[in-house]
Amino acid sequence: MDKGDWMEVRLTVDGELAEAVAEVLSRYAMNGVVVESDVRYNDAEDEGTPYGPVRVYAYLPLDEHIDDTRHRIEEALWHLGSIQPIPDAEFNLVRNQNWMEAWKQHYHPIPIGDRLMVLPAWI
């Protein structure tokens, strides 16, 4: 482990559980929680009702307390799962890197119509 590495905690739940899971994770993630939705809207009999997966992420600094923190998160999620079943959390190591440069590899030019293209300055 290098200084600045992180432990990512990730769960994919339905929209009903996302807020409860985010609240549990926020107790341990001092920098906040990320909620990323891929919600679609039902066009059939229940028009306008959202459905689809919601991903909830928390990032914990890797320090001497990480094992204890992970155990406490697993225990808190177990208690939440006794109310309504939730999937197991995924724990992944995220290596420290230059985040100001790393995001650029995922940014692609955006075509607008036939004659206009939005390009970032580094391309």
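Numbering of residues begins at 1 and proceeds along the displayed sequence.
When every heavy atom of P109 is checked against every heavy atom of L119, the shortest pair comes out as CB-CD2, 3.3 Å. Nearest heavy atoms, L25 versus Y57: CD1-C, 4.4 Å. Between W6 and N31 the shortest heavy-atom distance is CH2-ND2, 3.5 Å.
Between the CG atom in D88 and the CZ atom in R10 there is a gap of 14.0 Å [rounded to 0.5 Å]. Annotation: the span from E8 atom CD to N92 atom CG amounts to 5.0 Å, rounded to 0.5 Å. Annotation: the span from I110 atom CD1 to H108 atom NE2 amounts to 10.0 Å, rounded to 0.5 Å. I86 CD1 to L11 CG: the interatomic distance, rounded to the nearest 0.5 Å, is 6.0 Å. Here CD of E74 is found 4.5 Å from CZ of F91. Values are rounded to the nearest 0.5 Å.
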Distance-only criterion, 3.5 Å: show the donor-acceptor pairs between side-chain atoms of residues 17-24 and protein atoms not counting sequence neighbours.
unit_1: E23; atom_1: OE1; unit_2: R27; atom_2: NE; d: 3.4
unit_1: E23; atom_1: OE1; unit_2: R27; atom_2: NH2; d: 2.9
unit_1: E23; atom_1: OE2; unit_2: R27; atom_2: NE; d: 3.4

Does the side-chain contact (heavy atoms from CB on, under 4.5 Å) test come out yes or no for I73 and L60, once each step is laid out? CA-CA 11 Å; I73 288 172; L60 312 169; 3.6 Å; yes

Between L93 and D5, is a side-chain contact (heavy atoms from CB on, under 4.5 Å) present by the stated rule, with each step listed? CA-CA 7 Å; L93 175 65; D5 288 344; 4.1 Å; yes

The test is side-chain contact (heavy atoms from CB on, under 4.5 Å); show your working for D68 and R72 and say whether it passes. CA-CA 6 Å; D68 181 53; R72 292 182 358 201; 3.3 Å; yes

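Between T12 and V54 the shortest side-chain heavy-atom distance does not fall below 4.5 Å.
Listed by chain and number, the residues in a side-chain contact (heavy atoms from CB on, under 4.5 Å) with L116 are I112 (sequence neighbours excluded). Taking the side-chain contact (heavy atoms from CB on, under 4.5 Å) definition, one finds that P85 meets it with nothing, sequence neighbours left out.
Counting heavy-atom neighbours within 6.0 Å of H79 NE2, excluding the residue itself, gives a total above 12.
When each of V9, V33, T69 is checked for a side chain to side chain contact (heavy atoms under 4.5 Å, CB included) with Y28, only T69 meets the rule.
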